[in-house]
Each structure stands twice: as C-alpha cells, then as structure tokens.
Enquirer: 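Here it is, the structure in full.
Below, each value reflects all heavy atoms present in this structure, side chains not excepted, and no hydrogens, waters or symmetry copies.
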Amino acid sequence: MSGALWERTLTVRTAEETHALAAVLGAQLQAGDLLVLTGELGAGKTTFTQGLAEGLGVRAGIISPTFVLVRIHPNLPSGSRPGGPDLVHVDAYRLGSASEIDDIDLENTMDSAVTVVEWGRDRVEHLSESRLEVDLVRSLGGAAAPPAATSEPDPVEPDPLDFDPADNDEPRTIIIRGFGPRWVDRPVLPAPGEYPAQPLPTTPEGT
C-alpha cells in the first residue's frame with residue numbers, strides 16, 4: 001500500500017488534552033472510517049478512544065478490550081451526533097495475522113461503524129483502502145506490551161484512563177497519518193494549547 005498522504009505531529013500534556021484532541025477528531029469521523037492506534041502501555045490509546053467516542057456521540061464506558069477482542073458502542077439518540085455511526089473498538093494485540101483479524105468478522109460492521117483498532121499495525125490495513133494511523137508516544141517510555149491473557153481475568157474493572165496516574169502530566173507526542181482517498185483532506189485539529197476543555201469519565205458506564 002502506498003505511503004501516507006500527510007503526517008501531523010502534536011504534543012499533549014495531560015490525559016485531558018489527549019481526550020479533548022480525540023473528541024475533536026471523533027466529531028469528524030464517518031461510517032467506514034478505520035483508525036489504527038499504536039503505543040506502549042500507558043501511552044493513552046484507550047484515553048484517545050474515549051475522546052473519539054465522545055466526539056462520535058456513542059455509548060460511554062470505553063475500556064481496553066484486552067480480554068474481549070471486540071466491543072461495540074452504539075450511537076446514542078441523545079448523544080452529540082444522533083443517527084451517527086457506532087464505534088467498534090478492537091484489541092488486536094493477541095491476533096497474530098491478518099487472517100486472524102478476518103476471523104472476527106470486522107467486515108460485517110466496517111461500512112456502518114467507525115472501527116478503532118489498538119495494536120492493529122500490520123494486521124488490519126487490508127480492511128480498507130483508507131485509514132488513519134495514530135501513534136501515541138510517551139516522552140519517558142514504559143512497558144512495551146500488555147500482560148499475557150489468563151483463563152480468569154481480573155474481575156475488577158480497570159481504570160477507564162490508561163495514563164499512569166503518576167505520569168498524568170508527562171507530555172505525549174501524537175502522530176497522525178492519513179492514507180487513502182478518504183483522507184486526501186486532513187481533519188481539522190486544534191493547535192497545541194487550544195484543546196477544548198472536556199470532562200473525563202471517572203467510572204466505566206456499560207461495556
């Protein structure tokens with residue numbers, strides 16, 4: 001597949017700014033859009049997805065789908081975009097190939113939803129001729145991969161924000177690249193320091 005049409009690099013200082021930036025992007029997404037999120041643990045992939053969900057106006061409760069490969073968050077009639085697309089949130093870390101991606105039948109929802117895939121690089125590019133790649137980079141670094149799956153996942157719901165609490169004020173670099181005809185025109189994103197204030201969720205709401 002050809003290279004990126006464009007690339008934009010932004011710096012966020014807090015989880016709130018990551019959430020707010022993603023909410024602005026989410027408000028511009030359409031059914032059929034594919035986003036591929038890459039970043040180590042604590043980089044903010046789930047926080048970014050929560051912001052996308054707010055911008056899309058879908059059901060809240062975004063958490064990392066580590067033990068459930070796919071979570072679908074339906075559009076809310078009372079949300080910010082009634083009648084808009086659903087959000088399909090995927091964790092591809094434990095899927096080793098494009099063929100395993102095909103086994104979870106994302107094609108069935110691609111046309112009617114926005115699909116966000118964490119750890120999706122080199123696994124999901126075949127799903128669409130257009131995509132946004134979003135790299136989230138911690139300035140200090142951290143763990144490179146999530147823990148191995150167990151037969152009995154921890155029953156305690158994880159914190160809905162995946163920023164390390166002690167490092168909430170550590171700047172992150174977010175690199176967004178556009179591929180394919182859908183993204184010939186860049187999304188309109190705020191300049192650093194101009195992110196709108198957005199409240200962050202404190203507890204999961206739904207699954």
Side-chain angles (χ1 to χ4, degrees), residues 3-30 33-56 58 62-66 73 80 87-93 114-125 128 130-146 158-180 182-201:
L5 299 174
W6 50 265
E7 177 179 301
R8 182 165 181 190
T9 300
L10 304 109
T11 299
V12 293
R13 296 163 295 183
T14 64
E16 287 82 0
E17 288 191 354
T18 298
H19 181 103
L21 172 63
V24 172
L25 176 60
Q28 300 172 65
L29 297 177
Q30 303 174 5
D33 285 344
L34 172 66
L35 285 79
V36 182
L37 272 54
T38 301
E40 63 196 3
L41 284 176
K45 297 185 299 298
T46 301
T47 302
F48 192 89
T49 306
Q50 291 169 351
L52 294 174
E54 180 171 321
L56 284 164
V58 302
I62 301 289
I63 60 174
S64 180
T66 301
H73 297 265
S80 59
L87 171 64
V88 177
H89 186 199
V90 184
D91 187 328
Y93 176 72
V114 170
T115 304
V116 177
V117 186
E118 298 186 23
W119 307 98
R121 181 167 294 167
D122 298 325
R123 294 175 173 89
V124 300
E125 289 83 354
S128 174
S130 299
R131 69 184 185 278
L132 287 180
E133 290 188 356
V134 181
D135 294 354
L136 297 101
V137 182
R138 294 180 62 183
S139 61
L140 300 180
D159 191 312
L161 299 178
D162 63 337
F163 271 45
D164 292 342
D167 296 328
N168 184 52
D169 292 330
E170 174 195 329
R172 267 78 168 170
T173 299
I174 298 180
I175 305 168
I176 303 176
R177 303 180 187 91
F179 295 79
R182 164 74 173 96
W183 296 110
V184 169
D185 295 326
R186 305 185 185 202
V188 178
L189 298 174
E194 298 179 357
Y195 306 115
Q198 298 283 354
L200 288 173

Enquirer: How long is the straight-line distance from CD of E133 back to CH2 of W183, given to the nearest 0.5 Å?
Expert: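 With rounding to 0.5 Å, CH2 (W183) is 13.0 Å from CD (E133).
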Enquirer: Can you tell me how far the CZ atom of R131 sits from the CD atom of E125, to the nearest 0.5 Å?
Expert: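 One finds 4.5 Å between CZ of R131 and CD of E125.
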Enquirer: Provide the closest heavy-atom pair for G26 versus L56 in the form atom of the first, atom of the second, distance.
Expert: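 So the two residues come closest at O-CD2, 3.5 Å.
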Enquirer: Not counting sequence neighbours, which residues clear side chain to side chain donor-acceptor pair (under 3.5 Å) with Q28? List them please.
Expert: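 By the side chain to side chain donor-acceptor pair (under 3.5 Å) rule, Q28 matches no residue at all.
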Enquirer: Test side-chain contact (heavy atoms from CB on, under 4.5 Å) on W119 and D91 and set out the steps.
Expert: CA-CA 6 Å; W119 307 98; D91 187 328; 3.5 Å; yes
Enquirer: Compute whether any side-chain donor of one residue and acceptor of the other, for T46 and E118, lie under 3.5 angstrom apart.
Expert: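 The answer is yes; a qualifying pair exists.
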Enquirer: Distance from T47 atom OG1 to E17 atom CD, nearest 0.5 Å?
Expert: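 It is 13.0 Å, given to the nearest 0.5 Å.
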Enquirer: If you define the side chain from C-beta out and look only at heavy atoms, does anything of V88 sit under 4.5 Å from V117?
Expert: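 Heavy-atom side-chain distance check fails, nothing below 4.5 Å.
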Enquirer: If you look at every heavy atom in A22 and F48, which pair is closest and at what distance?
Expert: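 Closest heavy-atom pair between A22 and F48: CB-O, 3.0 Å.
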Enquirer: Listed by chain and number, what are the side chain to side chain donor-acceptor pair (under 3.5 Å) partners of R8, not counting sequence neighbours?
Expert: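 None.
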Enquirer: Write down the atom of S128, the atom of L34, and the distance for their closest heavy-atom approach.
Expert: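 The answer is CB-CD2, 4.2 Å.
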Enquirer: What is the minimum heavy-atom distance between S80 and G55, and which atoms define it?
Expert: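 Heavy atoms only, the tightest pair is OG-O, 3.7 Å.
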Enquirer: Sequence neighbours left out, what passes side chain to side chain donor-acceptor pair (under 3.5 Å) with R182? Give chain and number order.
Expert: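 Here the qualifying residues are D33.
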Enquirer: As a quick check of understanding, evaluate side-chain contact (heavy atoms from CB on, under 4.5 Å) for T9 and I174, giving each step before the final call.
Expert: CA-CA 6 Å; T9 300; I174 298 180; over 6 Å; no
Enquirer: Would you please classify the geometry between the H89 ring and the H73 ring as parallel, tilted or perpendicular, with 30° and 60° separating the classes?
Expert: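 Tilted: the ring planes of H73 and H89 meet at 30° to 60°.
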Enquirer: Can you name the nearest heavy-atom pair linking P190 to L21, along with the distance?
Expert: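 Distance-wise, the nearest heavy atoms are CD-CD1, 3.9 Å.
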Enquirer: Would you call L35 and T115 a side-chain contact if the rule is heavy atoms closer than 4.5 Å?
Expert: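 No, their side chains stay 4.5 Å or more apart.
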Enquirer: Does the side chain of I175 come within less than 4.5 Å of E7's, by heavy atoms?
Expert: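 Of all side-chain heavy-atom pairs linking I175 with E7, at least one is under 4.5 Å.
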Enquirer: Hey, does the side chain of R186 reach the backbone of V184 with a donor-acceptor pair shorter than 3.5 angstrom?
Expert: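 Pair absent, no side-chain N/O of R186 close to backbone of V184.
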Enquirer: To the nearest 0.5 Å, what is the distance between CD1 (I62) and OG1 (T49)?
Expert: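 The OG1 atom of T49 is 7.0 Å from CD1 of I62, to the nearest 0.5 Å.
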Enquirer: Quick check for you: to the nearest 0.5 Å, what is the distance between K45 atom NZ and L136 atom CG?
Expert: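 One gets 7.5 Å once the value is rounded to the nearest 0.5 Å.
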Enquirer: So how far is it from I176 CD1 to D135 CG, rounded to the nearest 0.5 Å?
Expert: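 Nearest 0.5 Å value for the CD1-CG distance: 9.5 Å.
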Enquirer: Given the rule in the side-chain contact (heavy atoms from CB on, under 4.5 Å) test, do L87 and V116 qualify, once you have shown the distances and angles that lead to the verdict?
Expert: CA-CA 7 Å; L87 171 64; V116 177; 3.5 Å; yes
Enquirer: Would V124 and V90 count as a side-chain contact (heavy atoms from CB on, under 4.5 Å) here? Give the steps.
Expert: CA-CA 11 Å; V124 300; V90 184; over 6 Å; no
Enquirer: Using a 4.5 Å cut-off on heavy atoms from C-beta on, say whether the side chain of T173 contacts that of L10.
Expert: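 The answer is no, as the side chains (C-beta and beyond) never meet within the 4.5 Å cut-off.
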